[in-house]
Each structure stands twice: as C-alpha cells, then as structure tokens.
Number of protein chains: 2
Amino acid sequence: MQPSPRATIRDVAARAGVSVATVSKVINDRYGVSEQTAAHVREVIAELGYEASLVAQSLRNHQTNVIGILVADLEPFSAELLKGAGDAIRGTGFELVVYSAGGRVGGHVGWEQRYLSRLSGTLVDGAVLVTPTVVGVNYGAPVVAVDPHTGPAGQPTIDSDNVTGARMATAHLITLGHRRIALLGGRPDLLSAQLRERGFRQAMAAGGLPVEEELVRIGEYDPEVSAAQARLLLALPDRPTAVFAGNDLSAIATMRVADELGLRVPDDLSVVGFDDIPEASQCSPTLTTIRQPIREMGSRAVELLIGLIRGAEEPADTHIMLPTSLVVRNSTRAPAGLPPQDRSTS
Amino acid sequence: MQPSPRATIRDVAARAGVSVATVSKVINDRYGVSEQTAAHVREVIAELGYEASLVAQSLRNHQTNVIGILVADLEPFSAELLKGAGDAIRGTGFELVVYSAGGRVGGHVGWEQRYLSRLSGTLVDGAVLVTPTVVGVNYGAPVVAVDPHTGPAGQPTIDSDNVTGARMATAHLITLGHRRIALLGGRPDLLSAQLRERGFRQAMAAGGLPVEEELVRIGEYDPEVSAAQARLLLALPDRPTAVFAGNDLSAIATMRVADELGLRVPDDLSVVGFDDIPEASQCSPTLTTIRQPIREMGSRAVELLIGLIRGAEEPADTHIMLPTSLVVRNSTRAPAGLPPQDRSTS
DNA sequence: GCTGACAACGAAAACGTTATCGATAACGAT
DNA sequence: ATCGTTATCGATAACGTTTTCGTTGTCAGC
C-alpha cells in the first residue's frame, strides 16, 4: 500500500465541490468566501491531509520563505550562532537552511559567492553570511554579514564589541598584577582579530606596559596552530605569566600545552579566552573569557534579514554591535609571588 | 542601479534566437541540438549570467535535489555528524538543508513528524533523521534514521556498535585493575544508552565483577545532570575508582566535578567516555574514550539516502552498524596502589 | 419591477521550467 | 521525381499554485 501520491489543490476543490480559486482563498485567508464554504473546505483539507506545495507557492509568489545561513565550517562558534538563528526563526513562517562549506575554505576569498549565486532568488529569499571574506557585493537578494573579515561597508553587519572586550580581558590581567602578557592573536585577515589586537594594545598602553613583540603570536583561531605557538611562548627563557588568546579554542589549547609542560593553570600561568563558547565553562580549569552574545548575534542577524526581506529599508551600512563582557572563572589569578587583588573589572 | 530582475530561460531563448525548448536541451545536455547552436546558446547564457530557477525545475520534475537532515539540537555529536553529511553530499548535485528543533524537544516523542509532513515531497526529496523518537512511519519520502531511540524496524538505520564499545571501555578499566567501576548511563529511552549499559554489564560479568547498583546512575547524556550524579558518586563512603560515562559530555563533566572535589584524574579517578567528539582530545586531561566514527555515520547516512531517492530498492530493514574502537588517552590509569599494566586492549 | 450595490464564486492567465511530438530541411537511395 | 531517413528545432501542455477580473445571485431602495 503505497501512499497516495499527495493531494493537490485540485483534488481538494473537486472533493469539496468548489473551484481551486476558492480553496486557495481559504488557505490564505483571503476575502471573498463565505464562512460556510470555508468551513467545509477546511474539513476536506483535513480529511485529505492536504498541504500546499511549497515549491508551487514559491514559483508563483517569487519568494520561497526560506533563508539561508552560510558558514565556512561548523566549529562551536558557528554552531552556537546557528542555535540563535534557529531560535529567532521559529514562528516567523520562514525556514532555515544551513550551508556549510565544510571547512575547505582554506583562505579562499570569495567562497560565499559561488554558493549565493546559485541560491539567491531561487532557493532562498536572503542569507546570513558568517565570517564572509567579501562584503558589499550585490547578490540580488538581501544579505547580512556576521563578523565579517573586512570592515562594514555596503552590507548590514552584526558583530560584537571586540575592542572593548579585548581591552577588558587585558585590563583584568593587568589588574591581577601581570606584566608579561602574551597575545595569541587570530587570523590577521579577520577584522575581529585586528580589533582584538587593537584592544590589547590599548589596555597595555593604558596600564603603562610596553608590548613586547616577542610575546605577540598568531594562533589563527585554530587549536593546532595555537598549540604550536603556545609551546614556543612557554619555552621562552623569560616566559609570560599570562596569555590572552584570541578565542576560546586557542585558550583551551594553550591550557593543554601548559599542562603538558608541567605548568599549572592558573598558578603558574593565567589564560583568558574570547567568545565564551559552551566548552569554556566545561573544561578544567574553567576558562576566564570574554563573553560574546553569540546566540543573540544569530538571532539579531535573522531578525534583521527578515526585516530586509519584508521590504524594510535599512540603510546599507546598518551596523549592530553587541556588547561583550568579562566572565571571570578559574583560569586567571595573580602571578606567583603577588597576593590576589581585584577579581572584578567589568 | 538595481539588478535586472534575473534572466529567465525565455530571455536567453530570445537573445539567442532559438526556442526555449532548445535552451532547455542545452542546459540539460539532451540530444537533439547541433553543436553549433549549443555553443552559441552557452555563450548567451554566460553573457546574461543566467541560472535556471531551481524552484521551477523542482515543480516540473517533482524533485527538489535537496535532502534534509533533522536534528533535535546542535550539540557536538550532531555538529560532527553534519560535517560527515556535508562531506558526502558534495558533488552529488544535492543540497543539504539542516533543520534543528532547537533543543526544545524535551522528551517530546514524535517531534520529527511535524517537520517531515510539511517538508517531504515539497521541499526535500528525503531526509536523515538523527536520534529520532519514532521509526517505521511512512513519510511519503525516503528516510534513514541515525542512532534512533527505538530498535531498527521498518526504516533503514545507521548506528555504531554500542555494545562492543561499552564492553571495550569497561574491559579496559578492569584490565587496569579497577574493581569498583561506576556507570553514568545515558537517557534510558535511547536505544544507544540501553546497549551501552548492556555492554557494561557483559564486561563486568566476563571479568567476574559484581555490578553494584549503587554505582549505576543515569546522566541522561547531559552535562548538568551528569555533574550532579557524579557529585553523588564521588561523595560515596566507598567511592568508585573509575567511571564509565555514557558519552563524552558526561565524562568531561565528571572530570570537572572530580577537579572541584580535589580528586585528580587519572591518579585518583579514571574516566572513560563514549563518542570521541573533538573536545575529548582537547580537554585536560585528554579523555580516554570509545571512538564512534561519527562523521562516517553522517556520510553513510546520506549515501544510503541518495541511493534510496535514486530508486535503489534497499530492504526496509537495512541496518548499517559501524565499528567502535578504544582510544586510550590520559584520563585512565591503574588505581592507586597498583602498578599500571596493560594499556592496549582494542 | 428596475436599478445599483455588494457578496460569493469561478475561469483563466501567469510563474519558469521540461518532455513530447510534430514540422521542416537536407540528403541519399531508388 | 519520389520516398524514407535522419538531424535539428519549436509549439505546447503540464507541474501546483495565486491573483485578477468577470459572472452570477441576492437584496435594499425607489
């Protein structure tokens, strides 16, 4: 017993003894059909288990009620962002489809364009681009960028306050009494990495501390690369007493390296991360970090996008910047020899 | 300068001086058009930047070339599975759309049905269900289940060898010399949790060890719940020297609790997990665990599904079971007082 | 009993494709 | 010249909707 090949609007019309136009009106709550017949049609619809074909509707209406979200890879940050996007989309009548480039982006600028040209206007009504390498391109469909590589220009953008966050992280370490503070930066081509480095330097300057370039490394936001750099840092003759890592993944990798080398966190080394991904509160020791409201960034992105799709005339350079905050956990402490002082800075 | 409203096949036909039928044939490499005109049409297509409307094609062809993957939530396991699915789908001509229930499933049996009825036959050609609560339902479109709650029945299914995995994990601990071994099980309604408990009991029996029911707890695969249970376990007067956790998330939570209580892993407590999610090799200490080939499970699922969509007549009870393996890292050791022995069991 | 207004409904075009099938032309064989 | 064959191409119906607009019926008001 194979299932009957799916009822169409014509089947419903025939069965209810009305025209397809009437059925359509009932479905869409359009004016011009008596409550009596409407009720009857609804009965038949339920009886047949009819559901309108999204494909046909899309063709007719020139919109698919689907929005796409493009990510380079599904690391914890993207996954968290997806959750936020998923939260925001519920109840809006839109569906969310996720495209992952599967991590094979590899510094390839413009990966998102390949996807979007195929998709836009035919499969999705708009898209959220996560960490796009290119902004300002006209894709023929609304697009909002989250945490883009390049500065906000031409496209609505969402990110968090990277500069202030980095400043808070560094100030926290300085307040604890650290003086030799290393920076394990992100990928230099990413705007967020540049901003975090800027915040770091600002805080160091404000604290009257010189930035020793020897202690500024590039971890590329990647656990492997960061681990290698951490190994170098901690092998230095006059090694840093604290590390500010560009993201939590790097920070966790750093803590692991410290552990391998017999250094205890936070006793021998303080570590601060950035992002506050779920793992930050799970690992041991739990990680002091800068919280980005990742989920909210996801939510706001789809809300903004849906607004654009519905025709809202946002200025092209809308830029939503969400606040960051310091979350103090167990990976930071005053350096050996100093009594612990202030623990709250934010 | 707004973008011209997207070229249609008719525009191409007009510009190239041929009929739409001919253009269609060129696009789909159908027989019946001379190489000359084909070349010319291709030129015009490039010139206009024409891309066929996926929506119109879907309506006409009764297939969307999209497959859906439904997950309850985006925890690390699902995310990893998605990557595998993404790998497998590249180059097949299918697109992958991800639906996440956003974690609000909450033991609600049948959440997947709501989604699928709207989707199948209209937005997707088939679907992969991750950890579905219901199997054997006819959705009118091909479906394959990954790691289902209930036993394999009526639907092609993919999972890993949970029983053997759990047996290996437990045997590893027994070989190290542990005798008081606790089980921090998963959600009792999940088949995988039941099978892992079975494997645990088999290994204990094989080792001649009694299972003390006091040491068998339910962690529900959830970090919070597991942490609470771990606290109880480790506060026991005669506390276990080793814990076999139902998944890595629980194992990591257990290690954190141990840390809080001043117990050192692996010196004072050995911990084994299950899954081998990326975090398992990142945390400190790194986690001894049972590796499930999660990505491969994702790949195999979409391969199987695409086969079904293409008309392959798989028997409805196809059941692919992938092997598990023991990965020994730094969270296990012989109990205090005993010299370390065998470290390799697999 | 007419007219006008209004509510309820349906016929048909359109959205952008693809498949079928008939039309035309070219050409070799009879 | 006629026929059959083959290669190339185009007109058209269909896929399942929505929307426009015309048709019909009803009824109040004169």
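Nothing here was measured: the structure is a model prediction, and the numbers come from that model. Note on naming: letters A, B, ... go to the chains in the order of the sequence lines (proteins, then strands), and numbering restarts at 1 for each one.
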Would you give the length of the straight line joining atom [atom1] of [X] to atom [atom2] of [Y], rounded to the nearest 0.5 angstrom?
{"X": "A:Ser53", "Y": "A:Ile9", "atom1": "OG", "atom2": "CD1", "value": "10.5 Å"}
{"X": "A:Glu303", "Y": "A:Ile89", "atom1": "CD", "atom2": "CD1", "value": "10.5 Å"}
{"X": "A:Arg90", "Y": "A:Leu96", "atom1": "CZ", "atom2": "CG", "value": "9.0 Å"}
{"X": "A:Ile320", "Y": "A:Ile158", "atom1": "CD1", "atom2": "CD1", "value": "4.5 Å"}
{"X": "A:Thr318", "Y": "A:Leu308", "atom1": "OG1", "atom2": "CG", "value": "7.5 Å"}

Look at all strands and tell whether [X] reaches a base, only sugar-phosphate, or nothing, counting heavy atoms closer than 4.0 Å.
{"X": "A:Ser24", "value": "base"}
{"X": "A:Arg30", "value": "sugar-phosphate"}
{"X": "B:Ala52", "value": "sugar-phosphate"}
{"X": "B:Ser58", "value": "nothing"}

So, OP1 or OP2 of [N]: does either fall under 4.0 Å of a side-chain N or O from [X]?
{"X": "B:Ser19", "N": "D:dG10", "result": "yes"}
{"X": "A:Ser34", "N": "C:dA7", "result": "no"}
{"X": "B:Thr8", "N": "C:dC15", "result": "no"}
{"X": "A:Thr22", "N": "C:dC9", "result": "no"}
{"X": "A:Gln57", "N": "D:dT18", "result": "yes"}
{"X": "A:Tyr31", "N": "D:dT20", "result": "no"}

Where each residue is assigned the nucleotide of DNA chain D containing its nearest heavy atom, which of A:Leu59 and B:Thr37 is assigned the position nearer the 5′ end? B:Thr37
Position toward the 5' end of DNA chain D (nearest nucleotide), B:His62 or B:Glu35: B:Glu35
Terminal axis angle for the helix from C:dG1-D:dC30 to C:dT30-D:dA1, five pairs an end, nearest 10 degrees: 70°
Can you tell me how far [atom2] of [N] sits from [atom1] of [X], to the nearest Å?
{"X": "A:Ile9", "N": "D:dT19", "atom1": "CD1", "atom2": "C1'", "answer": "12 Å"}
{"X": "A:Leu123", "N": "C:dG16", "atom1": "CG", "atom2": "C1'", "answer": "15 Å"}
{"X": "B:Leu54", "N": "C:dC15", "atom1": "CG", "atom2": "P", "answer": "19 Å"}
{"X": "B:Asn65", "N": "C:dT18", "atom1": "CG", "atom2": "P", "answer": "12 Å"}
{"X": "A:Gln63", "N": "C:dG16", "atom1": "CD", "atom2": "C1'", "answer": "17 Å"}
{"X": "A:Gln36", "N": "D:dG25", "atom1": "CD", "atom2": "P", "answer": "18 Å"}
{"X": "A:Asn61", "N": "D:dT19", "atom1": "CG", "atom2": "C1'", "answer": "10 Å"}
{"X": "B:Arg10", "N": "D:dT12", "atom1": "CZ", "atom2": "C1'", "answer": "11 Å"}

With distance as the sole criterion, do the side chain of B:Arg60 and the base of C:dT18 form a donor-acceptor contact below 3.5 Å? yes
Are a donor atom and an acceptor atom from the side chains of [X] and [Y] found within less than 3.5 Å of each other?
{"X": "A:Thr64", "Y": "A:Asp125", "answer": "yes"}
{"X": "A:Glu75", "Y": "A:Ser78", "answer": "yes"}
{"X": "A:Ser192", "Y": "A:Tyr221", "answer": "yes"}

Does B:Arg15 come within less than 4.0 Å of B:Glu47, counting only side-chain N to carboxylate O? yes
Go nucleotide by nucleotide along DNA chain C from the 5' end; which of A:Val20 and B:Asn28 gets its closest nucleotide reached first? A:Val20
Between B:Lys25 and B:Ala56, the residue closer to the 5' end of DNA chain C by nearest nucleotide is B:Ala56
Which one, D:dT17, C:dA19, C:dT17, comes nearest to the side chain of B:Ser53? C:dT17
